[in-house]
Protein chains: 2
Amino acid sequence: MCKLHINLYLYIMDNKKQYTELLVDPSSFLPGVSIDCVVIGFDLTELNILLLQLKKHDLWMLPGGFIHLNEDMDQAATRILEERTGIKLPYLKQFHTFGDVNRRENTKFPGVNHMLGEPFEKMIAFLEKRFISSGYLSLVDIRNCAPTPDAMSDECTWIPVNLLPVLLYDHGDIVKKAMEQLRSRINYMPVGISLMPEKFTMKEFQTLYEKILNKSLDRGNFQKKMLKLEFLVRHEKKLSGGAHKAPYLYSFNKNRYNELVEKGIGYIN
Amino acid sequence: MCKLHINLYLYIMDNKKQYTELLVDPSSFLPGVSIDCVVIGFDLTELNILLLQLKKHDLWMLPGGFIHLNEDMDQAATRILEERTGIKLPYLKQFHTFGDVNRRENTKFPGVNHMLGEPFEKMIAFLEKRFISSGYLSLVDIRNCAPTPDAMSDECTWIPVNLLPVLLYDHGDIVKKAMEQLRSRINYMPVGISLMPEKFTMKEFQTLYEKILNKSLDRGNFQKKMLKLEFLVRHEKKLSGGAHKAPYLYSFNKNRYNELVEKGIGYIN
DNA sequence: ACAAAAGTGTTATCCTTACACCCATGT
DNA sequence: ACATGGGTGTAAGGATAACACTTTTGT
């Protein structure tokens, strides 16, 4: 069964962290429903996912939370994400709801049997019940992001997708499904505008696609295809990148780009 | 607010229908979570959706239900669908979870203020709470299907998608989202095997695609494309279809078809 | 001058599209 | 025989994939 609350308690007591957030009356939340966010960022080299860590137990999890009774589910996801990243209105879409009975038992907590103090009782009763969880996929510019741990964790950091640790519960499955979604719907998601910095080279843009699709693409064909779509604005050259021809910098024509994404920007092959 | 229970009560009392199902102890269900199924069938002419009707109020709704505490969400959807159609293991996939606060207020019930009898109290308390609902899309062979009304409704019938009545709550939105999903992911869904009868003509198969994509396709090109994929088995000709050349009948090579669907059968343009 | 990587060009091949043509069938 | 719709063919245009060529940079 769920031993999250036990670790919470131990953690809080050990670290004397403010824990008022955890004393929130859970009756203001929809019972049995949570939200987990797969937040993806790109550092021009690798795709990264935002994870929370309970250091004491070397336990990693996705940022998530609950839905207030007077709050739409999408609003809740936006709120939760803003709390963890400081970013308002990023690309954020629900991609799947996870409802297996045993979804919390894939990865067990390093359980310590301890009874909890009285002030937590309501929260415990709330957390102990079966939960289904809606997964939300978000694409954010890693450079605009201020990762902030929540009341339950002491780290909030970017981890490369190919170096993911074992995650809490079924969070590994949730990430996997999110990545599949990203791959198969890349043409219909604003991956460029959401994940790239203001200005970038064509190489960097191509690397983004290669990391998402998990295969290498032909340099010349990628360049020609993207340029022909006419959503890129060419700027001055970027000098001193090495002993070779300097690449141009590009930015997005946002109107044109968003139009195209609606219809699907072709780069699945 | 939700007045479903009131209508239920009136309906049951009026019709003296068996209502033991409604006295089920709702504490065996996950609270606040429901399932709604968009079941699609094809009669070789039109796409149809399976709907339930409360005749007395001329009120239509999607088949749906709740999730038992010891049941995976996908299992629940399968069970619910089997109860309404008699079909086991059809194509059935969750496509979106609807979680707006006001999702039940789009279409109001024709509300009658009435107090309910004691035996229903628990069910009422259960139903009155806010619900989120997971939408499942199912593709079934309309000829293998035995539509069966549930305890709350007195009709369960196929309605053509282009003649849908106003639906309960946000069920209209749910259908819309399902149809969008069907259209945009047609290449990755086994629409052929799931929706066509054992044997069919190329014209009928093309009509299926035209109804899903909502546009007409070139006859010759459709035929060549599908034949080149080599998942169709050609049989004897179908005679006496009219004063013209008799069309061949086809069936699916199921292994080959399912392989291709995994990778995506191309017919989005 | 040279290596390295960027930008562009070339070619063969395939796919798509729009139509045309001939064929089989029941009246 | 003939109208009707089925099966197949064709040709233009576009997209894709693989690779070659040229240009620009810092050392």
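Nothing here was measured: the structure is a model prediction, and the numbers come from that model. Proteins come first, then strands; the chains are lettered A, B, ... in the order of their sequence lines, and each starts at number 1.
Residues passing the salt bridge (charged side-chain N to carboxylate O under 4.0 Å, His left out) test with A:Glu46 are A:Lys211, sequence neighbours excluded. Not counting sequence neighbours, B:Glu180 has no partner by the side chain to side chain donor-acceptor pair (under 3.5 Å) test. Residues that satisfy the side chain to side chain donor-acceptor pair (under 3.5 Å) test with A:Gln223, not counting sequence neighbours, are absent from this structure. Remark: A:His244 engages no residue in a side chain to side chain donor-acceptor pair (under 3.5 Å) (not counting sequence neighbours). Partners of A:Glu210 according to the side chain to side chain donor-acceptor pair (under 3.5 Å) rule, which considers only residues two or more places apart in sequence or in another chain, are A:Gln206. Residues forming a salt bridge (charged side-chain N to carboxylate O under 4.0 Å, His left out) with A:Lys245 (at least two apart in sequence, or on another chain): none. Taking the side-chain contact (heavy atoms from CB on, under 4.5 Å) definition, one finds that A:Thr78 meets it with A:Leu92, sequence neighbours left out.
Atom P of nucleotide D:dG14 and atom NZ of A:Lys228 are separated by 10 Å, given to the nearest angstrom. The nearest whole Å value for the distance from the OH atom in A:Tyr248 to the P atom in C:dA5 is 19 Å. The distance between atom CD of B:Gln206 and atom P of D:dG7, rounded to the nearest whole Å, is 11 Å. Rounded to whole Å, the distance from CG on A:Leu227 to P on C:dG9 is 11 Å. Rounding to whole angstrom units, CZ of residue B:Phe222 and P of C:dA18 are separated by 16 Å. Protein atom NZ of A:Lys238 is 11 Å distant from nucleotide atom P of C:dG7, rounded to whole Å. Protein atom NZ of A:Lys215 is 12 Å distant from nucleotide atom P of D:dT16, rounded to whole Å. Going from atom CG of A:Asn187 over to atom C1' of D:dT16 covers 15 Å, rounded to whole Å.
With hydrogens and angles ignored, the 3.5 Å screen pairs no side-chain donor or acceptor of A:Tyr169 with any backbone N or O of A:Met61.
B:Arg234 forms a cation-pi arrangement with B:Tyr248, by the criterion of a distance under 6.0 Å to the ring centre and an angle within 45° of the ring axis.
Remark: A:Gln223 is not in phosphate contact with C:dA6, judged by side-chain N or O atoms under 4.0 Å from OP1 or OP2.
The listed nucleotides are D:dT16, D:dG7, C:dT8; the one nearest the side chain of B:Arg234 is D:dG7.
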| remark: Under a 4.0 Å heavy-atom criterion, the protein footprint on nucleotides 18-27 of chain D, written with B, S and -, is BB---BBBB-
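Of the residues in residues 256-264 of chain B, not one comes within less than 4.0 Å of DNA chain D through any heavy atom.
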